[in-house]
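Note that ligands are numbered from 1 as they come in the structure, with each ligand's atoms numbered from 1 the same way. The basis for the numbers below is simple: all heavy atoms, side chains too, and nothing from hydrogens, waters or symmetry mates.
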Amino acid sequence: METIKLTIDNCQIEVEKGTTIYKAAKKIGIDIPVLCYMNLEHLNIENKPAGCRICVVEVEGRKNLAPSCSTECLNGMVVKTNTMRVLNARKTVLELILSDHPKDCLTCPKSGRCDLQDMAVRLGVRQIPGQEFAEMSTYKVDFSPSIIRDMDKCIMCRRCETMCNDFQTVGALGAINRGFMSVVAPAFEQDLQKSPCTYCGQCVAVCPTGALTEVDHTPKVVRELANPKKTVIVQTAPAVRAALGEEFGMEAGTLVTGKLAAALRRLGFDYVFDTDFAADLTIMEEGTELLGRISKFMEGDKNVKLPILTSCCPGWVNFFETNYPDMLNVPSTARSPQQMFGAIAKTYFANKIGVKREDLVVVSIMPCLAKKYECQREEFSVNGNPDVDYALSTRELAHLIKEANINFNDLPDEDFDHPLGESTGAAVIFGATGGVIEAATRTAYEVFTKKTLEKVDFHQLRGMDGIRSATVDFNGTPIRIGIAHGLGNARKLLDRIRSGEEQYHAIEVMACPGGCIGGGGQPLHHGDASVLTARTMAIYREDANKPIRKSHENPYITALYNEFLGHPMSEKAHHLLHTHYFD
Ligand code: HC1
Ligand code: SF4
């Protein structure tokens, strides 16, 4: 390894050739401010357009200041990161950025979590000279079912573009225009809804300002909770419990399942349920579908479609509908747990408590922004009444809890209500990449082999690699499983299948890094991979501590089939729990 010796702020340092000044400085504890720069090492994604110039430093012998994020260290370099010239330049750059930025910080949805606002505080900006010369951009606000684009607030950091194009390979966003009018937008400046956007929310998760934010459903939910005519029930996704605590100052990976149930009850929900119940139901349906396809395949049926692809992630569903229209009969037809929950709540449960469909409101708490779009899809409604009325993100729920004076940290641990609140360990691992297929494997193994699975932990299906594969022995029958998280990784895996290069029986895809624990609606983690790892570990901890860890052993699921659905893939189950896809 070739090394480079240089001096930064009077400290001598030796770094690997190719290291940037920014990274070298970081090694010795010098935190050069950055705005457009973003390094997601765990995803192999680095955004360094060197566009904002906030990270400039002085290099002895060079006339111009150098952007530290993209300037490589050279032997003998003498770098100063905090001279008066540097401090003044940074301030001027920021003042220029602020000069054509709206000044509605008090009411901006990003207020308090805005990198630009934080930078103004950090650099001590007290006035914005030259504003009168700046041309304020006046883009209309673009509302989609999940994401709001307020392009007057775009600072051209290009982070969203990197996530959308390089990591997700969706290509919904690109830079347009010049100077004060330059922004990132879909092709031909169309609205997001008309672009190939999947609503994964990964652009929102990295946007440093209020340019990209989620559609806020909290006011509508508050209105429903205040309506005495309505019975309002809530379901909460597996990954929420592993991250919500971060919004209340808890360490990443703190499980808050009990406090979450308690908070929802105090917010006034009439019944506090768990999406995990529906995740168990998904396994019953999807697992049966998988085994059905495998049996037909083994009998020599050439028309059977393998591998089966999981279908619970709406960003992924949107992606394959747009990009793989020739493969629409390959994914499982099982609806996502969010939608299965809604369908069962508005039929079976509404009936049980004697409430009319129109008077029952179903709210979901999701780590995901695409869930907002999913619950608005037409096929998931009956005569215009949606199965799931509103989907709040983990971040929106945290706001709601704070607004309602609930001291989250001091809440007691409470249980979910029955019957739609009981779940197994298999359901909770849906929240981490590989979890859906591991849960399916636990059930499919027992149904296929008619043997009891002694070890329910399939470590070979876990991990953070973007694409993973493993073979699980179903008592002499090898079952080949593939896993991808991140849509770019899914694309690679699917292309290999389409070309016949690789063969699998089943594949799990989740659109977001790490699966739902890294969803676009989760507390912002600023690219810190250790946060994702901690959340993942929390998910597996909850699974290990559950008394029942296989979906088909959930007694409330058994009761649902006995009382209402009949059996997995029955006509009723097909009608309520399955779907079809559109190109
Ligand atoms: Fe997910 Fe799912 S795991 S998609 O990531 O299948 O959002 O958490 O709720 O529906 O259960 C999300 C999480 C979630 C569904 C389940
Ligand atoms: Fe791209 Fe996802 Fe953002 Fe849509 S939500 S623009 S797919 S990163």
Residue, atom and distance of the protein heavy atom nearest atom 9 (O) of ligand 1 read Ala237 CB, 3.0 Å
- Message: Angle between ring planes, Phe564 versus Tyr348, binned at 30° and 60°: parallel, tilted or perpendicular?
- Response: tilted
of all protein heavy atoms, closest to atom 1 (Fe) of ligand 1 is Cys516 SG, 2.4 Å
Glu374 to ligand 1: N or O pair under 3.5 Å? no
Separation between CD (Gln202) and CG (Leu212), nearest 0.5 Å, reads 12.0 Å
Full working for ring pair (Phe, Tyr, Trp, His ring centres under 6.0 Å) between Tyr199 and Tyr373
CA-CA 7 Å; Tyr199 304 124; Tyr373 143 81; 5.0 Å; yes
Between Phe416 and Thr236, is any pair of side-chain heavy atoms under 4.5 Å apart? yes
Min N/O separation Ala239 to ligand 1 under 3.5 Å
yes
Nearest non-hydrogen protein atom to atom 3 (Fe) of ligand 2, with distance, is Cys203 SG, 2.2 Å
Check for me whether Pro367 has a heavy atom closer than 4.0 Å to any atom of ligand 1.
yes
Looking only at side-chain N and O atoms, does Arg491 offer a donor or acceptor that is under 3.5 Å from a partner on Thr169? yes
- Query: Is the ring centre of Phe320 less than 6.0 Å from the ring centre of Tyr581?
  - Reply: yes
The atoms of ligand 1 lying under 4.0 Å from a heavy atom of Gln338, numbered in the order shown, are 10 (O), 15 (C)
One finds that the ligand 2 atoms under 4.0 Å from a non-hydrogen atom of Leu173 are 6 (S)
Q.
Could you check whether any side-chain N or O of Arg395 sits under 3.5 Å from a backbone N or O of Pro523, counting only pairs where one atom can act as donor and the other as acceptor?
A. no
Taking only non-hydrogen atoms of Cys312 and a 4.0 Å limit, the atoms of ligand 1 in range are 4 (S), 6 (O)
Checking side-chain polar atoms at under 3.5 Å, does Thr198 have a donor or acceptor matched by the opposite partner on Asn318?
no
One finds that the ligand 1 atoms under 4.0 Å from a non-hydrogen atom of Thr275 are 9 (O), 11 (O)
Closest to atom 14 (C) of ligand 1 (heavy atoms only, candidates Pro238, Gly431, Gly342) is Pro238
With respect to Lys371, determine whether any N or O atom, backbone or side chain, lies less than 3.5 Å from an N or O atom of ligand 1. yes
Of all protein heavy atoms, the one nearest atom 1 (Fe) of ligand 2 is Cys164 SG, 2.4 Å
### Message
Assess whether a salt bridge exists between Lys346 and Asp389, defined as any Lys/Arg side-chain N lying under 4.0 Å from an Asp/Glu carboxylate O.
### Response
yes
Ranked by distance from atom 2 (Fe) of ligand 2, the top protein heavy atom is Cys200 SG, 2.3 Å
Gln193 and Ser144 side chains, donor-acceptor separation under 3.5 Å
no
Mutual orientation of the aromatic rings belonging to Phe319 and Tyr324 [parallel < 30°, tilted 30-60°, perpendicular > 60°]:
tilted
Restricting to heavy atoms, the pick from Thr162, Val184, Thr198 nearest atom 7 (S) of ligand 2 would be Thr198
Numbered in order shown, the ligand 2 atoms found under 4.0 Å of a heavy atom of Tyr199 are 4 (Fe), 5 (S)
Atom 16 (C) of ligand 1 sits nearest the protein heavy atom Pro337 CG, 3.4 Å
Numbered in order shown, the ligand 2 atoms found under 4.0 Å of a heavy atom of Ile147 are 5 (S)
Ligand 1 to Met366, heavy atom cutoff 4.0 Å, flagged ligand atoms 7 (O), 9 (O)
Atom 3 (S) of ligand 1: closest protein heavy atom, distance to 0.1 Å, is Phe430 O, 3.3 Å
Would you find a donor on one side and an acceptor on the other, under 3.5 Å apart, between the side chain of Gln168 and the backbone of Ala511? yes
Partner of Ile437 under side-chain contact (heavy atoms from CB on, under 4.5 Å), picked from Ile429, Ile308, Leu290, Ile481, is Ile481
- Message: Between Glu438 and Val456, is there a side-chain heavy-atom distance shorter than 4.5 Å?
- Response: no
Closest to atom 4 (Fe) of ligand 2 among protein heavy atoms sits Cys197 SG, 2.3 Å
shortest atom 5 (S) of ligand 2-to-protein heavy-atom contact is with Gly201 N, 3.1 Å
For Cys368, the atoms of ligand 1 under 4.0 Å from one of its heavy atoms are 7 (O)
Atoms of ligand 1 under 4.0 Å from any heavy atom of Ala279, numbered from 1 in the order shown, are 11 (O)
